[in-house]
Amino acid sequence: MSSSGSDAAPPASSLPLFGEPFTADGTAATLQPSPLLSSLNGEQLAAVTLPQGHALILAGAGSGKTRVLTTRIAWLLSTGQVSPGGVLAVTFTNKAAKEMMTRLSAMLPVNVRGMWIGTFHGLCNRFLRAHWKLAGLPQSFQILDTQDQLSAIKRLMKQFNVDDERFPAKQTQWFIAGAKEDGLRPGDVEARSEDDRKKIELYQLYEEQCQREGVVDFGELMLRSYELLRDNDAVREHYQRRFRHILIDEFQDTNRLQYAWIKMLSGQTDAQGRFTPAPHSSVLAVGDDDQSIYAFRGARVGNMQDFVREYDVQRQIKLEQNYRSYSNILDSANALISHNKKRLGKNLRTDQGPGEPVRVNEATSDFAEAQWMVEEIRHLVREDFERKEVAVLYRSNAQSRVIETALFNAGVPYRVYGGLRFFERAEIKHALAYLRLLENKDDDTSFLRVVNFPPRGIGARSIEQLQDAARARGISLYGAIAGLPGKAGANLSAFAARIDVLREQTQGLSLKEIIELVLDTSGLEEHYKADREGADRLENLAELVNAAESFVTQEGFGRDAVALPVDELRQSLASQGIDPSRAVLDEPLAPDAETGETLSPLAAFLTHAALEAGDNQAQAGQDAVQLMTVHAAKGLEFDAVFITGLEEGLFPHENSMSDVESLEEERRLMYVAITRARRRLYMSFSQTRMLHGQTRYHLRSRFFDELPEEALKWLTPKQSGFGQFAPGGAARAGAGYGASSGYSGGYGGRNPGWSGGGQAAAPSAPVPRKSEPSHGLRVGMQVFHNKFGEGAVLALEGTGDDARAQVKFGRHGVKWLALSVAKLTPV
DNA sequence: TAGTTACGGATTTTT
DNA sequence: TCCGTAACTA
C-alpha cells in the first residue's frame, strides 16, 4: 500500500535544488527553475513559491498536497527566507508528520528532528515540557490516553456517588473532551440544564483530580498550551517572533481550540475578539473542505472561512490537477460532491483518459455481496493486480465480519485495519503503568491498574479503604498507604515498598534494563508465563523491550519531549537580528536552558508511548487485500477499490440522514472513498443485511442517483433496489486470517542529519553505535555542574546531540542532563 | 479471587 | 449477533 504514490516527488536529486540561494535579506526573487521546482505544475509552483503573507491552499484529493507542503518548506529554507527554527509545520497524525520529515530531509540536508514539525499534540507536549513550571505542571507529567481518561472518570464518579445510569461515564468523557476542544474550562461552560450543571461539576472535579495526580489528557495538552500562550506575554511574543512560517496540514480537520492556538502563535486578539495577524508571520493553511469527515470529533470546516476572513487572506490557490485516478472515477467524485451546498468549490481534473467504467453490483444479501467480491478479487489477481493494491472499504467496522469470513474461506490473504494498537494492549498498559509509577507515584490511574495485577491479595475492600483514606487527606493513593492499619495496610505497604525498591534499583540502568527489571520484579512476566494463553502477551512484552531499545538508539529519544535546542534557538534569533541574550529567551522561557536538566529516557519513552500508540498490525509486508473503514482510508490510494454496503441507512448512515449537515458529511465520506481508486472502482449494495442479529432490508444508497450514468457500468440490471429477498446467508464464524499481534511501530529511524550548512553540530549516527561517545564521560565519574555542584555519573544514554547523563548530586538528587546543553566537567 | 452470567450498546477516530 | 463490562457466585 503506498500512501502517496502519485504524490511522490521524483527521487531527490543532488543539491542544489533551487538554484542560487536568496541573498541574505531574502528579497531577491530571482529564482532559477530547478529540476524539482520545474517538475511542479503551475498550481503547485504558485503554492510553493507564495510570497510572505497568509494563504489558503485548497488541495484536492491526489493533487500532490504533501509534496507542495514539503517543497514549500524546502524552498523557504534553501532560499534563506527562514531558518529551520523559524518554521512550524503541524499535522494531525504521526504518520503524516513523519512523512513530511522524511521527504524534507530527502530534499535538503536539514536536521528535521530539531525542527518544529509534528502533530498538534506532539508539539504542545514539547512546548509544555519546556515550560512545565509556567504551565503549572509537574516536570514529569504523564499523559492519559482515552482509556486512562475513561477509567479516571469512572473512578471519580464512583467516589462522588454519581448515578452512572443517569450520567454514563462515556458521556461525561465526551462532555469534557468536547468542552476542551472548544477551549472551555468548567467555569466557561454554559449550563443549559440541571444535567449540564452536574457535568460541569464533574468536569471541575476531574480537573482537580488530574492536577493532583500530575496527569494530562490529550485535550489538556492543547488547552494548557493555548492558555499559557494566551496568558503569558513573554512566552507568546517569543514564539510569535520565532515562528515566521506556520504551515498547517488538513486544515479542514482543525477544531476550535487548534485554530485558536494557531492564532495565538501568529497574532493578537483584542478585547472585542477582533484578530490582527502579526506583521512578520506567514500562515499557510492547506486543506480540502470536500474531505472534511471528522465533525464528530470536533473538526470545524468553518475554520477555513474564518481563516480567510480573520487573516485577510489575499491568496488562495486551488490544486485541482489530480494525478491519481482516471476520469470516470474523478467525474463520479465531482458529480457526487456537487450535490453539497456548502462548499468552497473545486473540481478535480486529470490528463489521464476515461479509463474503465465504475462497476456497480447489486447483491441479494450481505453474504452474497461478499461472495461476489471474493470472485472479483480473484479476477483482479489474475489480471495482475497486487493484492495489497486492492482495498475493500466499508462504512462501519461491523461490516468487515462477513467479508473476512468470505475471504478466509476462499483462502485469500487479507489484512484488517483498526483495532487495538500496540501501546493500547492490556499487557503493555500494565507494564507502562509500573513504569509510570516509577516516574510519578501520584498517578492513581496507573496505581490502580497494577496494585493488584498480577494478583497479590489486595482486594476491592482494601482499595476502598485506601481510597477513603486518600480522599480524607486529599492525597494520592500511594501517599495514603503509610499509616493504613491491618492486613490491608500491610499488603499495600509491601506493594509500595516494592515500587520504591524498584525505583532505587533502576537508577543508573539503561531504559532497556529498567523495563526488563520491571517485567521481572513486577511479576508480569511470570504471570503470563503461567497463563496458557499468555504466549502472545509475553511476546508483546518482549517487543516492548525492543521498542524501548530502538527508541533510545534509533528514534532519538526525546524528540517529542525535548524543548528547543537552545543553541539553535540562539542562532536562529541572532540570524534574525535579535539579541539572544535578551531576558525573554533566557528566563522564564527555557528553564532547562540554564541547567540542561531534561527528561529521563524513561519519561521520554512514556511520553512517546502515549502520543504514538503504534501500528496495529504486523506483517505489513505481506501481499494481502486491505480491509478498512472509509475513514481509515483517507490519505491512502489503491489500484482497485471496493466500496461496499452502499445502502440507505448504512451509507449514508441512519444516524446521519436527518439533517443536511451530517448528510453532507456522509457525502464527503463517499467522495473520499471514490477518490481512493486509481484504476478500478467497484460499488456494491445488498437488499438484505444482518445487523445486530436481525435481517434488515435496505434500499440502495441515494448516492447512486448522484453519479453520472455514463461513467457507470451496472453488473446487475439497474432496478429499484428492492428485490425479492433471498434466504439470508448463514455466515459462519471464522477466525481472522490476517489477525495477528505484534508491534511494528515506526522505529526504523533514518535521519541523515546535517551534512552541510553552518548550523548545529552533527547529530547521532543513523545506525546504533556501541562505540565510545565523544563527551568523554563514563559511569562512575565525578563531575561538576554549575548549578547542581558535584555529582557522580550513574548512567549515560544516547550519542551526539542526544547524549544524556544521569547524575546523582549531593544536594539536588538524581537528574538527567542533556550533554549538549549541560556543562559537566570531570572532577 | 476467579470464573460465570447478565446486561447493554451498536457509526466513524487521532492524539 | 456479538462484544465488553459489571455484577454475581462458588
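Sequence lines set the chain letters: A, B, ... in the order given, protein chains first and strands last, and positions in each chain run from 1.
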Query - Between A/Glu369 and A/Gln371, a side-chain donor and acceptor under 3.5 Å - result: no
Report task. Check whether NZ of the Lys or CZ of the Arg A/Arg668 lies under 6.0 Å from the centre of the six-membered ring of A/Tyr671 and within 45 degrees of that ring's axis. Result -> no
Requested in this report: Report, as a single string ordered 5' to 3', how protein heavy atoms within less than 4.0 Å touch nucleotides 9-15 of chain B: B base, S sugar-phosphate only, - not at all.
Outcome: -BBBBBB
Report task. Remember a base hit wins even if backbone is also touched, and classify A/Lys154 as base, sugar-phosphate or nothing at under 4.0 Å, heavy atoms. Result -> sugar-phosphate
Query raised in the report: Under 4.0 angstrom, heavy atoms only, what part of the nucleic acid is A/Leu150 near: base, sugar-phosphate, or nothing?
Result: nothing
Requested in this report: Please state whether the phosphate of C/dC3, meaning OP1 or OP2, lies under 4.0 angstrom from any side-chain nitrogen or oxygen of A/Arg401.
Outcome: yes
Report summary line: A/Leu691 CG to C/dC2 C1', in whole Å, measures 12 Å
Query raised in the report: Is the Lys NZ or Arg CZ of A/Arg185 less than 6.0 Å from the centre of A/Tyr203's six-membered ring, within 45° of the axis?
Result: no
Report task. Using the C1' atom on both, measure C/dA6 against B/dT11 and round to a whole Å. Result -> 25 Å
Report task. Using the C1' atoms only, state how far B/dT14 lies from C/dC3, rounded to an integer number of Å. Result -> 23 Å
Query raised in the report: When the P atoms of B/dT13 and C/dG4 are considered, how many whole Å apart are they?
Result: 16 Å
Query raised in the report: Taking the six-membered ring of A/Tyr417 as reference, does the NZ or CZ atom of A/Arg415 fall below 6.0 Å from its centre and within a 45° cone about the axis?
Result: yes
Side-chain donor-acceptor distances from residues 175-183 of chain A under 3.5 Å, at least two apart:
unit_1, atom_1, unit_2, atom_2, d
A/Lys180, NZ, A/Asp217, OD1, 3.3
A/Lys180, NZ, A/Asp217, OD2, 2.9
A/Lys180, NZ, A/Glu220, OE1, 2.7

Query raised in the report: Between the side chains of A/Thr364 and A/Gln687, does any donor sit under 3.5 Å from an acceptor?
Result: no
